[in-house]
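Letters go in sequence order (proteins before strands), and every chain restarts at 1.
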Number of protein chains: 2
Amino acid sequence: MTSYSPGETAEKSGFSIDTLRYYEKIGLLSGIARDTAGRRVFTDSDIAWLEMLRCLRETGMPIAEMLRFSELTRGGTETYTARLELLRAHDRRVEDEIARLREQQRHIQFKIDRYADLLNTEKSCLSPRAANTT
Amino acid sequence: MTSYSPGETAEKSGFSIDTLRYYEKIGLLSGIARDTAGRRVFTDSDIAWLEMLRCLRETGMPIAEMLRFSELTRGGTETYTARLELLRAHDRRVEDEIARLREQQRHIQFKIDRYADLLNTEKSCLSPRAANTT
DNA sequence: GCTTGACCTGGAGTGTGCTCCAGGTCGCAC
DNA sequence: GTGCGACCTGGAGCACACTCCAGGTCAAGC
């Protein structure tokens, strides 16, 4: 099992070293090994867990809920159902968020079209003979 | 031209009265009329502008950029190109954000499937004869 | 054995976007 | 003319998720 220094882990995971420390402090990372000098030693499975965290984080899950998920993950088989439900609820929220963004994007694109039209009209006024070339 | 009290405006726009005051203070709303008692009086075009702000806000545009957009809007025809560019850039960011969410959502759904499989396997162990009924 | 650089700790500070509060004003209903 | 509720102001406070800092430790290279 390969092991990684804090610096390597930061680079691989995309979290800063400070964020890694912060995540350990609040309990999102647990059981991180130390070397004789007290420095953190990350494993492949730590990296995998960090990727999971990154995925949840980037889809807008609040830290508090990620904490709940990592507590469940520390539990055994009997927490599978709860974990599944948590992820499914989050998946639905992501779906809703995407739909909301799409909807708002339509409004923005409508505005964009309006401005494009206004600019066109303006151009036509400046050079009237271009008005028919629509 | 219909006019609206702060309370009505809050309800119609979805922003709280405090947020409306805050937006006026920082310059996102300008030229809001007052009645004789000094109370704000909003018009239909204020409401329309608030809808635009809501749209930009909910698609993740930072306040600083919304400020820039409202300054452009206060300018005349000669800012159309700049406004168009700003909106187009934002539209692209929204597009990217949606793509990013979709991509991360795939990872989450992969995890969901894994947990669902694990639960199935577990069930099969408890009642072995169900193992073939895949 | 000394320097260097990566890391350690606890705790304070930061940026963003609101949200709340104290103390006051106004207009209307009773 | 008193009470009430909606609103006003300036400014403080808050939630979130980090990010930075001071002061210190350790291992490796020269």
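Other members of a hydrophobic cluster containing A:V41 are absent, since no ILVMFWY side chain comes under 4.5 Å of it, directly or through relayed contacts. Residues near A:F110 contribute nothing to a hydrophobic cluster around it, because no ILVMFWY side-chain heavy atom sits closer than 4.5 Å to its side chain.
Between A:R100 and A:E97 a salt bridge is recorded (basic side-chain N to carboxylate O distance below 4.0 Å). A salt bridge does not link A:E71 to A:R68: none of the charged side-chain nitrogens sits closer than 4.0 Å to a carboxylate oxygen.
One atom, CZ of B:R54, and another, P of C:dG17, lie 14 Å apart when rounded to the nearest Å.
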With the sugar-phosphate defined as primed atoms, P, OP1 and OP2, and the base as all remaining atoms, what B/S/- string results for nucleotides 7-21 of chain D, 5' to 3', for protein heavy atoms under 4.0 Å? SSB-B-----BBBB-
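Contact annotation: A:T36 does not reach the phosphate of D:dC26 (side-chain N/O to OP1 or OP2, under 4.0 Å).
Paired with A:T9 under the rule side-chain contact (heavy atoms from CB on, under 4.5 Å), one option of A:L20, A:T43, A:D46 passes, and it is A:L20.
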